[in-house]
Colleague: 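So that we are looking at the same thing, I have put the structure below in structure tokens.
By convention here, the first residue in the shown sequence is residue 1. Numbering of ligands and ligand atoms starts at 1, following listing order.
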Amino acid sequence: MIEYNYQNTLNYAKEQDHKDPLRDFKEQFHIPISANGEPQLYFCGNSLGLQPKLTKAYLEEELNDWATLGVEGHFEAKNPWMPYHELLTEKMAKIVGAKPIEVVMMNTLTVNLHLMMVSFYRPTSKKFKIIIEKDAFPSDKYAVESQIKAHDYNPEEALILWEPRPGEELCRFEDLEAIMQQHGDEVALLLIGSTNYYTGQSFPIKKITTLGHQYNAKVGIDLAHGAGNIQPNLHDNGPDFAVWCSYKYLNSGPGSVGGCFVHERHANNNSLKRYAGWWGHDKKTRFNMRYDFTPIEGAEGWQLSNPPILSMAAIRASLDVFDLAGFENIREKSVKLTGYLEYLLKDLEGEKIEIITPRNANERGCQLSIKLKNADKSLFDKLMKAGVITDWREPNVIRLAPAPLYNSFEDVYKMVQILKNLLA
Ligand SMILES: *Cc1c(COP(=O)(O)O)cnc(C)c1O
């Protein structure tokens, strides 16, 4: 790993911004203005990514085509709506390390999670358990429990939590191995959020997948906090499916359409159970309105409805920004920028705060979660007042996510100064 010679000065931060090959990308985003008239120090891209300036033009294009073309827009729009989702596939696939056939943008995250479990959670009386990590996002837990119940099993018996050891915050892989040694024969699905939304821990997707497959379990990855943040290398790492949303690190707007990955090994497996809809039907015969369903090969075959073009236009704008920057460059800056945040926070660590996110850059994305000692939510409110946008999780955690496309070293430096003064 590269060693950076970080320094705790404003000058140093400005120098790093000057040297940053991605420095001009900040200009390509709308940065919200705080009460004091200054641009916010926005560290909340893990919750809602900022708006690229391109987005409006892309949306207007579709609004104009709709206004002037009506239904003809399906074929005659500059970017015809009929195959519009295909415009997103290649760039999205690159960001998650997948082949285009493995990726589709559709629905939203929790919906996609359910669709994937319909296909990949097929419990039997001997093999019906699901493993999730302890601090999984509540929506994932609700989805999993409701699937277990829909198959007439009892979540108390069928749901296993991969938990940190007492007194620890992070999950250890060897504990997952131990769970599998004990329950593996009964486990039907391993569903892990990488990166974990609360602790910021990125789990080893390849090791988890290999472990699951050793016991003949299916493996799904929730990339809500991974997509656009870490490189999950989905194809090579080999999970059966993955799902994500596009409004966090992918900057595609509130509630925008989500993503879904189905590994190539399942691309032509028509014996998989699935919930079907006309948009997943073979494109050649979709409009023949036949009654027998023939799925498109690959992830597209799981589509249900014709997609919301306005949302997809926003995704297209964002993916164009990602493509221009190059995901490898984004990740390289991210490692350095989050490392800088960690370096500055270390000075405050001890009595006042504790960083619970892993120290190893390979085990985290850009987010650092800090646990407050001797402080409460009023600190978060004061940060907000000072124009620093972070995110509060009960009972005592502040999540800080410097997003490499629009956060600078100077942002990080200034934010830690403000935090320091408030803690003093
Ligand atoms: C953000 C997030 C969600 C939100 O799900 P939606 O269906 O997009 O509302 C679900 N799971 C995880 C892990 C998340 O981080």
Colleague: Less than 3.5 Å apart, which donor and acceptor atoms pair up between the side chains of residues 177-185 and the rest of the protein, not counting sequence neighbours?
Modeller:
unit_1: His183; atom_1: ND1; unit_2: Lys129; atom_2: NZ; d: 3.4

Colleague: Partners of Asp282 by salt bridge (Lys or Arg N to Asp or Glu O under 4.0 Å), sequence neighbours excluded?
Modeller: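 Asp282: salt bridge (Lys or Arg N to Asp or Glu O under 4.0 Å) contacts with Lys284.
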Colleague: Please determine whether a side-chain nitrogen of the Lys or Arg among Arg265 and Asp240 lies less than 4.0 Å from a carboxylate oxygen of the Asp or Glu.
Modeller: yes
Colleague: Would Asp24 and Lys26 pass as an ion pair if we require N to O under 4.0 Å?
Modeller: no
Colleague: Mind telling me whether Tyr343 and Tyr6 have parallel, tilted or perpendicular rings, with 30° and 60° as the class edges?
Modeller: tilted
Colleague: Suppose we screen for side chain to side chain contact (heavy atoms under 4.5 Å, CB included). Which residues come up paired with Ser139, at least two apart in sequence or across chains?
Modeller: Thr110, Phe137
Colleague: Name the residues with a heavy atom less than 4.0 Å from ligand 1?
Modeller: Leu109, Thr110, Phe137, Asp140, Asp222, Ala224, His225, Tyr247, Lys248
